[in-house]
Each structure stands twice: as C-alpha cells, then as structure tokens.
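Each ligand, and each atom within it, is numbered from 1 in the order the structure gives. All values below come from the heavy atoms of this structure, side chains included, with hydrogens, waters and symmetry mates left out.
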Amino acid sequence: MSKSGKEKSQRLEELRAEIQHHDELYYRQTQPEISDQQYDQKKRELDNLQAELDPLGLFAATEQGEEQDAKPDVGDDRLEAFTSHRHLQPMLSLDNTYDEKEFFEFDQRLQRIFGTGDLTYVVEPKIDGVAISLTYQHGKLITATTRGNGVEGDIVTQNILHIKGLPQFLPGSSFPELIEIRGEIFMSHQEFECINKEREKNNLPLYANPRNLAAGTVKLLDPKEARQRKLEIVLYGLGFCQPQTFFTTLSEFHQTLIDWQVPALEYFRRVSHAQDAWNSIMELDHLRHGYGYPTDGAVIKLDSFAHHAEAGSTAKSPRWAIAYKFETENQETTLEAIHLQVGRTGTITPVAWLSPVQLAGTQVSRASLHNADEIARKDIRVGDRVIVEKAGEIIPQVVEVVHSQRPSESTPFSFPKTCPSCETSLERMEGEAAWKCPNLNCSEQVKGRIRYFASRGCMDIDHLGEAVVEQLVDQGLVTRSSALYQLTKDQALSLEGFAEKSADNLIRSIEKSKQRELWRLICALGIKHVGAAAAKDLARTFRSLNNLANASLDQLIAIDGIGEVMALSVKGFFENPENQTLLADFVSLGISPELEIDESNGAPWVGKTFVLTGTLTSMTRDEAGARIEALGGKSASSVSKRTDYLVAGSGAGSKLLKAEKLGISVIDETGFVKLLEDPNSA
Ligand code: IVH
C-alpha cells in the first residue's frame, strides 16, 4: 500500500532528524552508530522523498547555520575550541553509487553535457579517512584545515605536523604561488590495534575503528597527545590554485605529486572510455587490499580541469566525479550466544557473540542483530554458522544464516520478555521494531544516560570514562546526571583505581562543566530527536532551561528547524515528573546557564530570522551570524516564509531567487552593516 501525503511528510521529518543525529555522531563526536551503507540508504530515501514532496525545493530544510548555495551537504566537523579557516575553494562531497548501471549513467550524463563520447577519466581509490586541506603559499605549508562545513573548517596544523611525509615545503622552485592540496588522513590497522590493546590493558573503552580514531586524533585539543598516535596522510586532490592554469589535467597533478615525492596515490589510471574505467574499478578492487591506507571504493573523475569547470557542481557534489563503493567484505563464523544490550533510552539491542574472525583487517567477535523481528525473520539461532559483514568498517552485522550447516538439535531463539539488567517486563510500542525497558531507573539506562551527558558533544566532562560511570552507578553514588555535581572527593577516592590526583581531576572536571553553554546542557538531557543543532536552536530561542521547560507546543513548532515530531518529544520530556526533578536539581546545584544576549539595546532582533548567503567582505558568515544572535535574532540556513531578511553577499545564488519568489526583504552587505549599526531600524 502506498503511503499517504501525511505519512510521507512524517517520514521526511523523521529521516531529517535521524540524519542530523548521525551527522553529529559521525562528524563532531567521531562515534558513528551506523555503517556508511546504512547512512547512504537513509540519505537516498530522504532525497527521493524530498524530490517527490517539494520538487521546486521551496520548503527544503537544511541544518541551522548551514549555507546551501555555497555550503554543500557535507555535515560539519567544526568544534568551538578550534580556529576556523575559510577554504579558498569549497570542499565538496561525492555522489555515491553501489551500482554498475548508475556508473554508466554518470558517463552518459557527461557525454550529453560535452556532446562527445570521447571523455578521458581518471580512476583512483577512495580512501576511508579524514579529509584535510593543506594550503601552501610560496611553497610553504600555511595551514592544515578539516573539511568543516565545506566552506570553512578547523585549523588542525599542530595536530598533524608530526605526520611522517607531510610536506612542510614543496620541493624545488616550480610550484603554484598559492595552492590548496586535498588529502586524507588515516591510521593503519596495526597502529589502531596497538592503541586499543593498550587501552584494554588500562580498562579503558576501545575505539570503534581506525577512521574514528584518526578523526578524533586530528581534533585533539592537545597536540602533544596527538603526536603520540601515528597518523598517516595521502594526497590526491587540487583545491584552489594560483595561477589557475598551473595544472591542466588531474593525471598531471597526480604525477606532479609523485615527482615532488610527497605521499601520493599508489594507483591512478587514465582511461578514455567508460568501459575501460569500469575495468580499472574492478582491477582496483583487487589491488586495494595491498595498499597502506583503507579504501572503500573507487573515484572516477574527468581528467581535464577545464572539463571540471564546465560540468560544474550541484549543491552537494561535482558533476565531473562519482564514487563507486565496493561491496563490503564478509566472513563465515559461529554464533556462540545472543546477549541483550540496554541503551540509554531503554532500547534493547540483541548482540551476537561470535567465534572471533578476521574481517576487513580487524578481529571481529561481536555483531549487531538489530532487533527481535530481524532475528525471527532470518531465524537466527545460537550455534548457527552465520555470514558477518563489516559495512564501512563500523559495527559488523550478521547478514545471513548458512542453513545447510545448522546443527540438528538447534531451537529457535526466544527473545526474552524481561530486561536483562533490571528484570522489568519489556514493552514494545505499536509499529516499532525495538523492545524497550520502561524502567527509567534501570541501571544500564542510567549508565547510558550519564555516559551521554558527559560525552564530548554534550557536557564534555573529562576523566569520566565508561569504567568510572559503571562504578558510580553500581555503587549507588550517581542515580541521575545531576548527582554528578554532588559527588565528593571522598566518594571519588572510594572508586577502584582512584588516588588523590585522579579524584581531584574527576571532581575538577565535573565542576568545570557547570560553566558549559546552555545548548550543551539541552543536548546532554538526551531528549529523543534533539541533537546539537536542534539544541542550539532551542537555546537561541528560549535562552534558559526554565523557559524551554515551559514552552508550549505551538512555540516549539514555530521554530524554524523544529518539526512536530521533535516538538512533541521536547514537550513530553519536560512533562515527565522524573525529568522535572532533574531540572530542579540543576537549578539548586547552581547549573542554570542562560544564553547571553546583548540587552543593552533591548535585544531588538528577538523573533527576527536572517538568512546569510553569498560571500561577505567585511566579516565571515559565522561572525555575521554571531552578531545577529547577540542582538537576539536568529541566523537560519534556508529561506522560508518565516525569513525576515535575506542578506545577499556577492555571488548569491538560489537562495536569492527563492527569497525573491517568496517576497522576502533582500539586503546587501552595506544594508546589513547599516542595520547592525542601527538595529532598531530592522
Ligand atoms: S574527491 C570535489 N577523491 O571522500 C571532490 N575524495 O565523499 C571531492 N575521498 O570529502 C573529493 N578518497 O574526504 C576525492 N580519491 C578521492 C577520495 C576522496 C577519499 C573522501 C574525501 C571527500 C569524500 C567525499
């Protein structure tokens, strides 16, 4: 049965919230929960639904603070502790496909653009690491910057300077005056396993995979710590280049990197037909396992830079390139047991305990089984031989049972009816796949909530690792997040492995977190669907936890970027008596952050929404956004009926057209600066 319009809109909103959540985990917290393949699937579903419901893109919602003309859909890894650097040329994403037919359609599209079948491509590996942009002026490395939001990233030069082979100077004298070289930072499996072994010894939580560890290392606040982990780099791309004509083709650029003896690609093939490109992709799938860096696909690009300029880009990715993702590796092994894990929201996730097996370079002994229905549908039984897959090197999945090898005495898995931690009867909402433990005081849920509260993307409390949380909750010292602030040094000293110094460190870190911004506290509450971006929207609008707790559903829905699903979730959270107690605790413990607004002039822009587009010359867009917010206004990412002003810098594109179509006031940079000087005239 096909879905109704309302169901589709609801699904669209759900997908947006989910994707926002996964973007936050992947880019900022570097702790993804799902595989790249699962993420790509959600993105694709969202794009299709969006195209169906809003073919003209008039109501498209993008994340707060994101810029659609110049800022593509590439997530955002920027953290407040780092200085931003504006890329001279945006860092775009790549169109992905897992399908041979779609690769040939890509070629057909380009043939139509150029009116010829004779197109020269370069086929190269897609490296599964962390994107980096190196800026060289007169041959000297000036900055190393993360991708950020595609337009500006974080300067992380000090954290990667130690990388062996990272060119701090370009060799010889023949190089462009100013050049951005793009590459990927990665960590070898060997180094990854070495670090994890050490952590295991010290009873610390293990890192999920080399990519996340590399991303986390690049973003360490202490370069000394970063230097202790061995990162590597490979360079493959050209950003801005002055003079522009220094390189005419990509293959020439790759060859120059090799001649300069900088870490360049081991494989790139220049081919003149799509079929040859396809053959190279297949060849690369075999060869890639011998490379020093992890790869998850091939990238096929037009060779000529003039062709790149002519083909142009969409808001997300260039039309002159496509990534073909390789099938993920799988292995057969024995399912030894099924254990149930309780998440911070009470969701029960069945986990497969496997006979250890080598997969995509690491040893795998646990895999996700998703939920009870999935186990029943695939009839997965303890003792079965199963196929395990590691998609995108995140959490391995049990994809299939080898029925021919099923032991004769096996019986179907019967999903427990009670919580493995607190033995409360499990519940399942109609239409939902997951079983939940409804007991908010279940110790596993409490631990999950405390871990989340203290995590880097929330209250960012150091020295509060998994083992510490485990003890605090098991010993009854902490039953909810607010209780962390009542922890005494004596209690900390009673924890296993704690001495004077570690107890002091823990208490000091907890105390320090009292000063965190309001949005972090909102995010840390763990309200369903509310990630960092939504928390910032809520903080900006309500400016204190108390105001937010008293907000009506209408007030919540009126916020650009907060849909009905999220609004209901926020409302439900604050209506729960347990959560009301938690808020009262925060207030009595002196944790009541407020968003400061320059009240000297009466916050004249409260209720006014601005959208910034194009390039501003007197300030960056982030600075402009901060000035708007200081006056009480909101800086939104996409133009909608609720926009009051579109500030159009030079090169403004589709947003300007949309604002004009919707009859919204458009001002240029001079007009904006005048408004800032005389805010009451807005
Ligand atoms: S080209 C404008 N080439 O994949 C073109 N990207 O999904 C964008 N990546 O941000 C980059 N290997 O971090 C390109 N050979 C390769 C790549 C590659 C890995 C990463 C890069 C990019 C992401 C896009």
Practice problem: Determine whether the side chain, the backbone, both or neither of Lys126 has a heavy atom under 4.0 Å from any heavy atom of ligand 1. | Solution: both

Self-check item: Identity and separation of the nearest protein heavy atom to atom 8 (C) of ligand 1
Solution: Leu92 O, 3.6 Å

Exercise. Kindly indicate whether a cation-pi arrangement holds for Arg269 with Tyr267, taking the cut-offs as under 6.0 Å to the six-membered ring centre and within 45° of the axis.
Key: yes

Self-check item: Check: Asp154/Thr146 side-chain N/O donor and acceptor closer than 3.5 Å
Solution: no

Practice problem: Name the closest protein heavy atom to atom 10 (O) of ligand 1, giving the residue it belongs to and the distance to 0.1 Å. | Solution: Arg147 NH1, 2.7 Å

Exercise. Could you please spell out the steps behind the side chain to side chain contact (heavy atoms under 4.5 Å, CB included) verdict for Lys126 and Leu94?
Key: CA-CA 10 Å; Lys126 184 168 193 311; Leu94 281 169; 4.0 Å; yes

Exercise. Return the residue, atom name and 0.1 Å-rounded distance of the protein heavy atom closest to atom 24 (C) of ligand 1.
Key: Leu94 N, 3.6 Å

Quiz item: Can you list the ligand 1 atoms lying under 4.0 Å from a non-hydrogen atom of Ala131?
Solution: 13 (O)

Quiz prompt | Heavy atom of the protein closest to atom 13 (O) of ligand 1 (residue, atom name, distance) | solution = Glu184 OE1, 2.8 Å

Practice problem: For Pro318 and ligand 1, answer yes if some heavy atom of the residue is under 4.0 Å from a ligand atom, otherwise no. | Solution: yes

Practice problem: Among all protein heavy atoms, pick out the one at the shortest distance from atom 6 (N) of ligand 1; state its residue, atom name and that distance to 0.1 Å. | Solution: Tyr236 OH, 3.4 Å

Quiz item: With a 6.0 Å cut-off on ring centres, are Tyr236 and His254 close enough?
Solution: no

Quiz item: When you measure from atom 15 (N) of ligand 1 to every protein heavy atom, which one gives the shortest distance, and what is it?
Solution: Glu124 OE2, 2.7 Å

Quiz item: Run the side chain to side chain contact (heavy atoms under 4.5 Å, CB included) check on Leu92 and Lys316 step by step: do they pass?
Solution: CA-CA 6 Å; Leu92 295 184; Lys316 298 175 187 170; over 6 Å; no

Practice problem: Could you walk me through whether Glu184 and Ile233 pass the side chain to side chain contact (heavy atoms under 4.5 Å, CB included) test, one step at a time? | Solution: CA-CA 6 Å; Glu184 209 77 2; Ile233 192 166; over 6 Å; no

Quiz item: Between the side chains of Tyr324 and Glu102, is a donor N or O closer than 3.5 angstrom to an acceptor N or O?
Solution: no

Self-check item: Interatomic distance, Ile185 atom CD1 to Thr217 atom OG1 [nearest 0.5 angstrom]
Solution: 9.5 Å

Quiz item: How far is atom 19 (C) of ligand 1 from its nearest protein heavy atom, and which residue and atom is that?
Solution: Ile127 O, 3.1 Å

Practice problem: Kindly confirm or rule out an N or O of Pro125 lying under 3.5 angstrom from an N or O of ligand 1. | Solution: yes

Quiz item: For atom 1 (S) of ligand 1, what is the nearest protein heavy atom, given as residue, atom name and distance?
Solution: Lys301 NZ, 3.4 Å

